Structure formats: C-alpha cells, structure tokens
Protein chains: 2
Amino acid sequence: MRPNKRDELVRNALQVFYRDGFHATGMDKLVAETGVSKTSMYKHFRTKEELIVAALQLRDENFRTWFYQRIDALGQTPAKKLLASFDALAEWFQEDGYRGCMFIKAGAEYQDKDHPIHVQAAEHKRLLLEYFTDLARAAGAADPEKLGCQILILKEGAIVSAVLLKSCDPARDAKDAALTLLKGALPGWEKA
Amino acid sequence: MRPNKRDELVRNALQVFYRDGFHATGMDKLVAETGVSKTSMYKHFRTKEELIVAALQLRDENFRTWFYQRIDALGQTPAKKLLASFDALAEWFQEDGYRGCMFIKAGAEYQDKDHPIHVQAAEHKRLLLEYFTDLARAAGAADPEKLGCQILILKEGAIVSAVLLKSCDPARDAKDAALTLLKGALPGWEKA
DNA sequence: GCAAAAGTTTACCGATCAGTACACATTCTC
DNA sequence: GAGAATGTGTACTGATCGGTAAACTTTTGC
C-alpha cells in the first residue's frame, strides 16, 4: 500500500473541510483530526490550497459517482432519470451530516474566478451541467442546453434551500417543478 | 449626526465582508478599509460576530428594498411580478461587483443552525419565501406555498449558477422555467 | 538484511487572529 | 464654557495562522 497515507489524508481532510469550512479549518486541526503529521502533509502538498484542491477533486469523484448511480437505480429512461435526480437529492438532504454543497461553499469562500479552488468548484458544476444536458438530449428535448441548465438551477436552488429554509420541502417542490418543465419540453411525453 | 460612525462602519464593513468573505476579513483589515478605529468598533459591537450580524441586517434591508422596487417597476400584476423577479436578478448579475448572495455565503461559512449568523441568513430567505408566496397567492395559485417555494428555488439556483457557470444564462433560463410553472399553476393565465 | 522511502515528533518561524488598556482629542448638550 | 459622550492612535495580549527544520522511527522494495 504505497500511496496510502496520502489518500487517507485527503479523505479525512475532506470530511473536516466539509463539516467546518475551509478558512475555519487550520492545519493544526487537520493534524489532530486526520492523524497525519504536519510534516507528512507538507511532503504531499506544498500548501493548504493544494490540499483543498485535492479534497475537492475527491469530493467531485465521490459525489458524482454516487449521484449518477442513484439516478440510474431510480430512473429507467433519460426523462425519468432527470426526475429521479431529485429523489437522489431528497435522500442526500436527509442524511445526518448534510451541510449543503461543498462546491458552492468553496466558491463562496474563494470568490476570485481565477483562484484554483474556485476553478475546481466551477468544473464540478460544469460536469453536472454536461450530464443533465446529455440526459435532456437523450430524452428528446428541443433545446437540451436550456433544459439541462434549468434542471441544474433547480438542483442548486434545492440544495441551498435545504440548508437555509425550514418550512418547506425543496426536493419535492423542485421535483414537481422539473416534472412541469419536462412536460413542456418533451412534447410526446406524459406522466412520470 | 449622532449615530453616524456606527452606521458608516456597518455600511463599509458590509462591502468588505461581501467582497472578501467573513473569516477572510480580519478586524485590522476593517480598520484599514473603513477608517474607523478598532477601539470604536469594539465600543459599538462586543465581538466581530455582532458586527457581522449587523452587516447582514443592513444587507437584508438594502437587498429586499432594491429587489421589491425593481420588481414593482418591471411587473404590473402579481403573476408578472413573479416573472419580473428574474429580470431584476439579471440586472444584479451584470453588476461589476456581483459576488453571489451574501446570505448563502454566510450560511456556508457559519453552518451551525443555531449560530446567530446562520439564523440571520435563514431569516432573509424566510422573508423572501414569504414574499413570493404572497405574490403566488395574489396571482391566484391553487398552492401558493408550493409555487412560492419553487420560485425561490429557481432564484437561489440562478444566483449560484451565475457565480459558478460560465456557459449559460441562468437568469434567462430560470425566468423561462418560472413562466412554464406559472402557466401550469395559474389556469386562467396565459402569456407574459 | 539493508538502504531508501515515507512517516513521525518536537520545536520553531514571522504574521495575523480577535480583543483590550490607556491616554488623548473631538464634538454635542445644556 | 463645562461635562459627558464619542471618537482617536498606539501598543499590547495570548492564541492561532500557514509553513519549516532537524533528528528520529517505521515501512517498503529488492
């Protein structure tokens, strides 16, 4: 097991950054919480920034793998998969440690558009947009770019609302909205 | 001019927090950028946290006042006002200093739901939800709570997407989505 | 079994963090 | 014009920030 400690470090650091935020997490806290010595950390990553980027890359991989798998399991056709996205989101929102989207938070803490961390966050959203757009195209939408973007907007809005609102059910309402959009965009398609 | 410096402090601190973030903004930077001495700051606010809460209260007042005014100017009926929200958002997104929603960022940096800063952010979203729900009710929606929440989800999603996506136009796509939702929710209503 | 790679502990660096103490200046109220 | 707010600059606290140095221990490959 050669690249062991490095991966373990990134995996554990990811949890801490997600739970506590980026600026609020110091390297000393990471030493305490990951069990990896500071010297080792700086042997693998030259700066805290590089460690954050690595954590975001892992998060992107983990999240999209999980998300796509749940969608495939919950929806059988492209159109139904677009809808099923929101069922997957509902499952996520109910998890104990749910704290919103790590990439929205990364973009919020590192706002400079050229900053590597911001770039990494933007790339995650680009990949999701591509995924939804591909599904919309496969479903036969006349304007898959627009429908894909709208589904993404609903997803991001639901994620934010699930953090900051207590009096409504964003996953359900976003899903219903998506259903309405699908009915409008997919002429020959009715009823989920 | 009695309560002068305090308001000036909050007004300037608001700009810095919005531009640079909360954890990333130290009190010394605020001294340099607001021209208010540290001693004075701590005479008005016992902690940095209290200053942030005051800045968020001002931001809430400023933003909602501006937002509601633009909506009233751009839309004449309740339904058209709901649509016009996204025209107002489009104007905001195009501003030079646009850096997303300050309350989403506040909620992202202070994730504990009981934290005063998080509470303040949630309150802002609650007020917006109430506003949209009232408009949906006035427009004659059968389920104004749901429609209001969906409009809010579209708004939050557009705000986030306007920060992290470069290849699409979230304000336009969200507006089109809102139009589709309105057509579905308002039986006797057609064409904006 | 041996050497190199990878990891560890401990102590440290200068800078910055939020927050305070104190002595002095300005301004408002009456 | 006196007293009370309200403001200021400067210097400071102890803690923490990101990052480094050096000496030591464990694991790994061959």
Side-chain angles (χ1 to χ4, degrees), chain A residues 1-56 58 105-106 108-112 114-118 120, chain B residues 1-56 58 105-106 108-112 114-118 120:
Chain A
M1 43 171 160
R2 221 213 288 71
N4 201 347
K5 277 279 169 179
R6 186 195 143 112
D7 291 0
E8 187 186 325
L9 163 63
V10 175
R11 210 179 326 120
N12 290 334
L14 167 55
Q15 307 296 335
V16 182
F17 282 133
Y18 181 67
R19 170 166 39 88
D20 296 344
F22 300 98
H23 284 97
T25 300
M27 297 304 274
D28 291 310
K29 186 196 280 184
L30 287 180
V31 170
E33 298 228 27
T34 65
V36 178
S37 72
K38 213 182 206 182
T39 315
S40 275
M41 286 184 182
Y42 280 97
K43 218 149 256 174
H44 290 303
F45 303 98
R46 275 158 42 209
T47 62
K48 179 186 181 183
E49 182 183 305
E50 283 189 11
L51 174 57
I52 293 177
V53 169
L56 288 178
L58 177 61
K105 296 193 284 189
E109 288 203 48
Y110 301 89
Q111 308 194 68
D112 181 354
D114 295 327
H115 194 291
I117 294 174
H118 189 103
Q120 194 66 36
Chain B
M1 42 171 162
R2 221 215 286 74
N4 201 349
K5 278 279 169 179
R6 186 196 143 111
D7 291 1
E8 188 186 324
L9 164 62
V10 176
R11 211 178 326 119
N12 290 333
L14 167 54
Q15 307 296 334
V16 182
F17 282 134
Y18 180 66
R19 172 169 33 92
D20 296 345
F22 300 99
H23 285 98
T25 300
M27 298 304 273
D28 291 310
K29 185 196 281 184
L30 287 179
V31 171
E33 298 227 26
T34 65
V36 178
S37 70
K38 213 181 208 181
T39 316
S40 276
M41 287 184 182
Y42 280 97
K43 218 150 254 173
H44 290 302
F45 303 98
R46 276 161 38 212
T47 61
K48 178 186 181 183
E49 181 183 307
E50 283 188 11
L51 174 57
I52 292 177
V53 170
L56 288 178
L58 177 61
K105 296 193 285 190
E109 288 203 48
Y110 301 89
Q111 308 194 69
D112 181 353
D114 296 327
H115 193 291
I117 294 176
H118 189 104
Q120 194 66 36

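All values reported here derive from a predicted model rather than from experimental measurement. Letters A, B, ... are given to chains in the order of the sequence lines, protein chains preceding strands, and every chain is numbered from 1. Computation of the quantities below employed the complete heavy-atom set of this structure, encompassing side-chain atoms and omitting hydrogens, waters and symmetry-equivalent molecules.
At a threshold of 4.0 Å, the pair Glu33(B)-Lys29(B) does not count as salt-bridged, since none of the basic side-chain nitrogens sits closer than that to a carboxylate oxygen.
Atom CE in Met27(B) sits roughly 17 Å away from atom P in dT16(C) (whole-Å rounding). Regarding Asp20(B), its CG atom lies at a distance of 16 Å from the C1' atom of dC17(C), rounded to whole Å. Met41(B) places its CE atom 18 Å from the P atom of dT6(D), with the value rounded to the nearest Å. Distance, His23(A) NE2 to dT16(C) C1': 13 Å, rounded to whole Å. Across the protein-nucleic acid pair, Glu49(B) atom CD and dA18(C) atom P stand 12 Å apart, rounded to whole Å. What separates CZ of Phe22(B) from P of dC17(C) is a distance of 16 Å, to the nearest Å. Between Asp7(B) atom CG and dG7(D) atom P the separation is 10 Å, expressed in whole Å. If you measure from atom CG of Asp28(A) to atom C1' of dA11(C), you get 12 Å, rounded to the nearest angstrom.
Here the side chain of Gln120(A) pairs no donor or acceptor atom with the backbone of Pro116(A) at under 3.5 angstrom. A donor-acceptor pair under 3.5 Å links the side-chain atoms of Lys105(B) to the main chain of Tyr18(B), judged by distance alone. Looking only at distances, a side-chain donor or acceptor of Glu109(A) sits under 3.5 Å from a matching main-chain atom of His23(A).
Axis orientation changes by 30° from one end of the helix from dG1(C)-dC30(D) to dC30(C)-dG1(D) to the other, with each end axis drawn from 5 pairs and the value rounded to 10°.
Minimum interatomic distance between Met41(B) and Val31(B) (heavy atoms only, all atoms of both residues): CE-N, 3.6 Å.
Applying the 4.0 Å criterion to OP1 and OP2 of dG18(D), one finds that Lys48(A) has a side-chain N or O inside that range. The phosphate of dG19(D) (OP1 or OP2) has a side-chain N or O of Tyr42(A) nearer than 4.0 angstrom. Residue His44(A) places no side-chain N or O under 4.0 Å from the OP1 or OP2 atom of dA6(C).
Remark on DNA chain D: of its neighbouring residues Val31(B) and Lys43(A), the 5'-side contact belongs to Val31(B), judged by nearest-heavy-atom nucleotide. Both Gly26(A) and Ser37(B) lie close to DNA chain D; mapped to their nearest nucleotides by heavy-atom distance, the more 5′-ward contact belongs to Ser37(B).
Below the 3.5 angstrom threshold, one finds no donor paired with an acceptor across the side chain of Ser40(B) and the base of dT6(D). Applying the 3.5 Å distance criterion, the base of dG7(D) shares no donor-acceptor pair with the side chain of Thr39(B). The base of dG9(D) lies outside donor-acceptor range of the side chain of Lys38(B), with no N or O pair under 3.5 Å.
Every residue two or more places apart in sequence or in another chain that forms a ring-ring contact (aromatic ring centres under 6.0 Å, His included) with Phe17(B) is listed here: Phe22(B).
In this structure, His118(A) has its ring center at least 6.0 angstrom away from the ring center of Tyr110(A).
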